[in-house]
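Just below is one structure, and these are the notes that go with it.
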Amino acid sequence: MNSNKKIRGACITGIGCYVPEKVLTNQDLEKMVDTSDEWIVTRTGIKERRIAAENEAASDLAYHASMDALKKAGVKGRDLDQIIVATATSDMIFPSTACLLQDRLGSKNSAAYDVTAACSGFIYGISMAHSMILTGKAEKILVVGSEVLSSMTDYTDRKTCVLFGDGAGAVVMEPCEAGKGVLATYMRSDGSYTDLLYKPGGGSRMPLTPERLKEGQQYIHMKGDGLFKYAVKAMVSAARKTAKDAGLTTEDVDYLIPHQANIRIIEGVRKRLKLKKEQVIVNIDRIGNTSSASIPIAWCEYERNHPGKISGGDLVMLVAFGGGLTWGAVLYRK
């Protein structure tokens, strides 16, 4: 692999995103659960989030984001070698959401598979695509993060229902000259902390029954205080390790695009990495926590609203943390 790294890199040639039309505001939540706009904004930084329509599944959101990315890259669905979809809210257990997306895109010549790493899923997907391109196993790869978290959110639980939203982001990755694109990646996990963030019901361990549905086992369960401590530490460590692997430091980073989990987590990471506020791309106030989709949506929206702001040579650090526990980072040279 080292020799291939000298030959070429792996670059993002198109980035797209899609969020549903329906907006769920903090004022709406005040009517549904014991909470307030002030309580939500103070603790999370979120003012509103998007909610999928009843007929919108993860593959539908992924399709719209993918078409946006493919158009910007000048790539057709039939040209893709692989489709990687990061999601924790797949349309069904099987087939994969990636296979459903493949069919709609007309990507008859591609492999298609899902990655389940919760909020770190997009980071994992980029890492896998990077390796495939560097080793010559693929030339054009679509990486998508797509989530319909409203489908497993308990809107009577104020600890969780204020956080999550729906949406999708996608990137097309292709070979480019060495020294550009993805410079380094990092992935880690620790399954011993599963109980901090998980959805217990619906799998082979706990198939859903009427009794378990009454108990709310089909919903997200979270211990927020425990997550906060591990999230900041893990994201900072991942960013530093990734920069080091690229022969750089976090002081060289121009932009940080963190998983949009919670504004306090984002601020904690920013301060420890000694970055200025203007270096951190944040859209959690309008989109909420969209798990694996949060980083590509944030990047896509920033590029759309600030064209050319992230320019040639700029270093962009992507970093995430999620249930599993999983975490990781990607350092990218524009």
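Quick note: numbers below take in every heavy atom, side chains included, and nothing from hydrogens, waters or symmetry partners.
- Under the 4.5 Å side-chain criterion, counting only non-hydrogen atoms from C-beta, L227 is in contact with L325.
- Other residues, nucleotides and ligands contribute only 12 or fewer heavy atoms inside 6.0 Å of the NZ atom of K47.
- Salt bridge absent: E56 and K22 never bring a charged side-chain N and a carboxylate O closer than 4.0 Å.
- In terms of modelled atom types and a separation under 3.5 Å, the side chain of D157 and the main chain of D154 share no donor-acceptor contact.
- Side-chain contact between H221 and L197 is absent, with no heavy atoms from C-beta onward closer than 4.5 Å.
- Contact of the I51 side chain with the P20 side chain is not registered, since no non-hydrogen atoms from C-beta on lie closer than 4.5 Å.
- Aromatic rings from W299 and Y332 are positioned such that their centres are separated by under 6.0 Å.
- With hydrogens and angles disregarded, no donor-acceptor distance shorter than 3.5 Å links the side chain of S107 to the backbone of D103.
- A 4.5 Å side-chain heavy-atom check between I84 and L142 finds every atom pair outside the cut-off.
- Shortest non-hydrogen contact noted between L273 and A239 is CD1-CB, 3.9 Å.
- Between Q217 and P200, the shortest heavy-atom distance links the atoms OE1-CG, 3.0 Å.
- In the hydrophobic clustering of ILVMFWY residues, with side-chain heavy atoms under 4.5 Å counting as a link, I220 and L29 come out together.
- Residues C300 and K72 share a closest heavy-atom pair of SG-NZ, 4.2 Å.
- Defined by atom type and a distance below 3.5 Å, a donor-acceptor pair is missing between the side-chain atoms of Q102 and Y113.
- With salt bridges taken as basic N to acidic carboxylate O contacts below 4.0 Å, none links E301 and R304.
- Judged by distance alone, with hydrogens and angles left aside, the side-chain atoms of S311 form no donor-acceptor pair with the main-chain N or O of G308 at under 3.5 Å.
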message: Please evaluate residues E30 and D37 with respect to the criterion side chain to side chain contact (heavy atoms under 4.5 Å, CB included), reporting the C-alpha separation (whole Å), side-chain torsions for both, the decisive distance (0.1 Å), and the verdict.
response: CA-CA 7 Å; E30 287 177 346; D37 175 66; 3.6 Å; yes

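- Between the side chain of R212 and the backbone N or O of L208, no donor-acceptor pair lies under 3.5 Å.
- Taken together through direct or relayed side-chain contacts under 4.5 Å among Ile, Leu, Val, Met, Phe, Trp and Tyr, V171 and I83 form parts of separate hydrophobic clusters.
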field: ring-ring contact (aromatic ring centres under 6.0 Å, His included) between Y230 and F321, intermediate numbers included
entry: CA-CA 9 Å; Y230 289 107; F321 177 90; 7.6 Å; no

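- The main-chain N or O of L149 is found under 3.5 Å from a side-chain atom of T153 such that the two form a donor-acceptor pair.
- The number of heavy atoms from other shown groups lying within 6.0 Å of CE (M152) is above 12.
- Side-chain contact between L105 and M67: present, with at least one pair of heavy atoms (C-beta onward) separated by less than 4.5 Å.
- For H130 and T185, the side-chain atoms include no donor-acceptor pair closer than 3.5 Å.
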query: Would E48 and L24 satisfy side chain to side chain contact (heavy atoms under 4.5 Å, CB included), going step by step from the backbone distance to the final call?
result: CA-CA 6 Å; E48 59 185 41; L24 182 66; over 6 Å; no

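- The hydrophobic clustering, which links ILVMFWY residues whose side-chain heavy atoms are closer than 4.5 Å, places V280 and V330 apart.
- Checked by atom type and distance alone, the side chain of R8 never pairs as donor or acceptor with a backbone atom of P175 at under 3.5 Å.
- Proximity of M173 to I126: side-chain heavy atoms (C-beta onward) are separated by under 4.5 Å at one or more points.
- Using a cutoff of 4.0 Å between basic side-chain nitrogens and carboxylate oxygens, K140 and E174 are scored as salt-bridged.
- Remark: of the listed residues N289, N26, D28, D285, N26 is the sole one forming a side chain to side chain donor-acceptor pair (under 3.5 Å) with R49.
- In terms of modelled atom types and a separation under 3.5 Å, the side chain of Q279 and the main chain of K276 share a donor-acceptor contact.
- Contact annotation: the side chain of V85 never approaches that of S96 to less than 4.5 Å [non-hydrogen atoms, C-beta and beyond].
- Between D314 and R333 no salt bridge is recorded (no basic side-chain N to carboxylate O distance below 4.0 Å).
- Residue A129 comes nearest to V143 through the heavy atom pair CB-CG2, 3.7 Å, listed as atom of the first residue, atom of the second, then distance.
- Atom CZ of R43 and atom CG of L163 lie 12.0 Å apart (nearest 0.5 Å).
- Linking ILVMFWY side-chain heavy atoms closer than 4.5 Å, directly or via other members, places I46 and Y155 in a single hydrophobic cluster.
- With no hydrogens or angles considered, a side-chain donor-acceptor pair links T326 and S120 at under 3.5 Å.
- V253 approaches L256 most closely through the heavy-atom pair CG1-N, 4.3 Å.
- Using a 4.0 Å cut-off between charged nitrogen and carboxylate oxygen, D60 and R104 count as a salt-bridge pair.
- Under 3.5 Å, the side chains of D166 and S150 contain a donor-acceptor pair of N or O atoms.
- Of the possible polar contacts, none joining the R240 side chain to the T249 backbone as a donor-acceptor pair under 3.5 Å is found.
- S146 contributes a side-chain N or O that, together with a main-chain N or O of A58, makes up a donor-acceptor pair within less than 3.5 Å.
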message: Go through it in stages, so that I can follow the logic: the residues are N109 and L80, the test is side chain to side chain contact (heavy atoms under 4.5 Å, CB included), and I'd like the CA-CA distance, side-chain angles, deciding distance and then a yes or no.
response: CA-CA 7 Å; N109 299 314; L80 295 172; over 6 Å; no

query: Please walk me through it: do K309 and E278 pass salt bridge (Lys or Arg N to Asp or Glu O under 4.0 Å)?
result: CA-CA 12 Å; K309 182 71 172 179; E278 54 267 30; over 6 Å; no

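- The shortest distance between side-chain heavy atoms of D254 and M317 does not fall below 4.5 Å.
- In the hydrophobic clustering of this structure, V162 groups with I284; members are Ile, Leu, Val, Met, Phe, Trp, Tyr whose side-chain heavy atoms approach within less than 4.5 Å, directly or through other members.
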query: Can you check side chain to side chain contact (heavy atoms under 4.5 Å, CB included) on L183 and L248, steps first, answer last?
result: CA-CA 10 Å; L183 301 184; L248 300 164; 4.3 Å; yes

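- Distance alone, capped at 3.5 Å, places no donor-acceptor pair between the D91 side chain and the A57 backbone.
- Under 4.0 Å is where a charged nitrogen must lie from a carboxylate oxygen, and between E211 and K214 no such pair does.
- In summary, the side chains of T89 and E147 do present a donor paired with an acceptor at a separation below 3.5 Å, with no hydrogens or angles considered.
- The two residues A62 and V144 come nearest to each other via the heavy atoms CB-CG1, 3.8 Å.
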- request: Could you please spell out the steps behind the salt bridge (Lys or Arg N to Asp or Glu O under 4.0 Å) verdict for K180 and E177?
  value: CA-CA 6 Å; K180 288 189 176 182; E177 64 181 279; 3.6 Å; yes

